[in-house]
Amino acid sequence: MHPLRPLPRRQESPLAQMRTIWDNYPMIYSASTWVIPVLLAITLHEAAHGFVAHHFGDDTAWQLGRVSLNPLRHIDPFGTLFLPALLLLTHAPFLFGYAKPVPVNFGQLRNPRRDMIWVAAAGPVMNLALATAAALLLHTVDFLPVGIDHWVLRSLVNAININVILAVFNLIPLPPLDGGRVAVGILPNVLAAPLARLAPYGMWIVIGAFFLVPIFAAQAGIDVNLFNQVITRPAAAIIGSILRLTGTG
């Protein structure tokens with residue numbers, strides 16, 4: 001008579017293992033739905049700048065290997081990794097990040113004043129295209145296996161949000177942001193020249209307006225939320241338009 005042997009333990013499927021991890025570690029689940037959208041948003045944003053610059057005669061980014069879909073070529077340790085992780089861990093009301101700016105020598109462009117507009121606009125246009133593609137992919141969620149469908153849904157929604165917010169932020173008409181470059185290319189010299197001289201201080205102005213001004217205003221009992229007025233509301237309007245356009249709204 002053979003001794004009784006325990007039945008072999010049934011091996012969980014990869015999907016079941018993934019569900020277990022998500023159930024036990026909700027922070028990992030939440031982070032996992034942001035990683036791909038953020039990397040794609042910032043990588044393709046910067047690659048678009050380099051590709052359009054190359055098209056109009058400047059091969060600086062091309063020679064440095066920055067016209068690439070490889071995220072490692074565009075990652076900025078602080079803006080791509082630390083800042084988004086910090087915002088996620090602190091449950092910030094928004095998620096934001098950035099990559100290493102693609103080097104562009106505007107002097108090498110065939111028509112610097114005109115072509116600068118196209119190079120600058122390429123990044124935000126790419127982000128809006130990615131948001132639209134993510135919205136279209138929402139139609140496929142109902143055909144996915146139960147369990148993975150919710151993860152894909154969250155990832156696509158996050159892709160729409162981060163791409164539109166990134167596009168709106170970069171369209172602020174203040175150098176060195178893309179909107180500032182576009183404004184410098186469009187405005188007459190009497191306005192474009194002083195605006196261009198703000199480029200070294202532009203990001204500090206934006207940071208001060210979005211984060212420091214509300215803090216000091218709150219000390220005076222005044223509710224000032226410039227981020228909501230300048231970024232969140234326009235982004236919500238654009239997202240609504242994209243969802244209606246793609247039939248997912």
Side-chain angles (χ1 to χ4, degrees), residues 18 22 26-49 51-52 69-71 74-76 79-81 83-99 102 120-173 177-179 182 206 210 225-249:
M18 190 179 298
W22 289 345
M27 181 60 70
I28 293 178
Y29 173 79
S30 179
S32 70
T33 63
W34 280 107
V35 171
I36 295 177
V38 169
L39 284 179
L40 284 177
I42 61 179
T43 295
L44 295 181
H45 176 104
E46 294 300 334
H49 285 313
F51 178 82
V52 175
L69 299 182
N70 181 0
H74 305 285
I75 284 178
D76 178 273
T80 311
L81 303 175
L83 180 60
L86 179 64
L87 294 174
L88 188 64
L89 291 172
T90 57
H91 303 286
F94 62 91
L95 190 68
F96 185 72
Y98 58 87
V102 164
V125 169
M126 172 59 74
N127 288 128
L128 294 177
L130 289 172
T132 303
L136 287 170
L137 287 173
L138 289 174
H139 291 289
T140 68
V141 172
D142 289 339
F143 302 98
L144 297 175
V146 175
I148 198 68
D149 57 345
H150 187 261
W151 183 87
V152 171
L153 175 63
R154 285 280 301 273
S155 297
L156 291 174
V157 169
N158 289 342
I160 296 170
N161 288 330
I162 190 63
N163 276 287
V164 173
I165 289 175
L166 196 60
V168 172
F169 178 83
N170 275 283
L171 286 173
I172 294 175
L177 296 174
D178 299 330
V182 171
V206 171
F210 285 164
N225 191 339
L226 292 178
F227 190 90
N228 183 57
Q229 299 294 329
V230 177
I231 304 296
T232 306
R233 287 190 177 183
I238 293 173
I239 289 171
S241 297
I242 289 175
L243 294 178
R244 287 191 295 272
L245 178 67
T246 56
T248 51

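Quick caveat: nothing in here was measured; it's all calculated off a predicted structure.
- The closest side-chain heavy-atom distance from Thr33 to Leu153 is not below 4.5 Å.
- In this structure, CG in Leu44 is found 6.0 Å from CG in Leu69, a value given to the nearest 0.5 Å.
- A heavy-atom distance below 4.5 Å is not found between the side chains of Arg154 and Ser32.
- For Phe51, there are no ring-ring contact (aromatic ring centres under 6.0 Å, His included) partners, not counting sequence neighbours.
- Considering all non-hydrogen atoms of both residues, Ala159 and Pro37 come closest at CA-CB, 3.7 Å.
- For the atom pair CG of Leu128 and CG of Leu166, the computed distance is 9.5 Å after rounding to the nearest 0.5 Å.
- Under the side chain to side chain contact (heavy atoms under 4.5 Å, CB included) criterion, Ile36 pairs with Leu40, Trp151, sequence neighbours left out.
- Contacts of Arg233 classified as side chain to side chain contact (heavy atoms under 4.5 Å, CB included), with partners at least two apart in sequence or in another chain: Asn228, Gln229.
- Between Met126 and Leu130, the closest side-chain pair of non-hydrogen atoms falls below 4.5 Å.
- Here the closest heavy-atom approach between residue Pro124 and residue Ala167 is recorded as O-CB, 3.8 Å.
- Put simply, the side chain of Asn127 gets close to the backbone of Ala41: a donor and an acceptor are under 3.5 Å apart.
- Annotation: ring-ring contact (aromatic ring centres under 6.0 Å, His included) contacts of His74 (sequence neighbours excluded): none.
- From Leu39, atom CG reaches atom CD1 of Ile42 across 5.5 Å, with rounding to the nearest 0.5 Å.
- Put simply, the side chain of Leu171 does not reach to within 4.5 Å of the side chain of Leu177, judged on heavy atoms.
- With sequence neighbours excluded, no residue forms a side chain to side chain contact (heavy atoms under 4.5 Å, CB included) with Val125.
- Atom CG of Asn170 is separated from atom CD1 of Ile165 by 12.0 Å, given to the nearest 0.5 angstrom.
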Starting from the C-alpha separation in whole Å, work towards a yes-or-no answer on side-chain contact (heavy atoms from CB on, under 4.5 Å) for Ile172 and Ile231. CA-CA 9 Å; Ile172 294 175; Ile231 304 296; 4.0 Å; yes

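- Closest approach of His49 to Val102, counting heavy atoms only: CB-CB, 4.4 Å.
- Taking the six-membered ring for Trp and thresholds of 30 and 60 degrees, Phe227 and Phe210 have ring planes more than 60 degrees apart, a perpendicular arrangement.
- Nearest approach of Val182 to Ala120, heavy atoms of both residues: CG2-CB, 3.9 Å.
- Under the rule for a side chain to side chain contact (heavy atoms under 4.5 Å, CB included), the partners of Thr248 that lie at least two apart in sequence or sit in another chain are Ala135, Leu138, His139, Leu243, Thr246.
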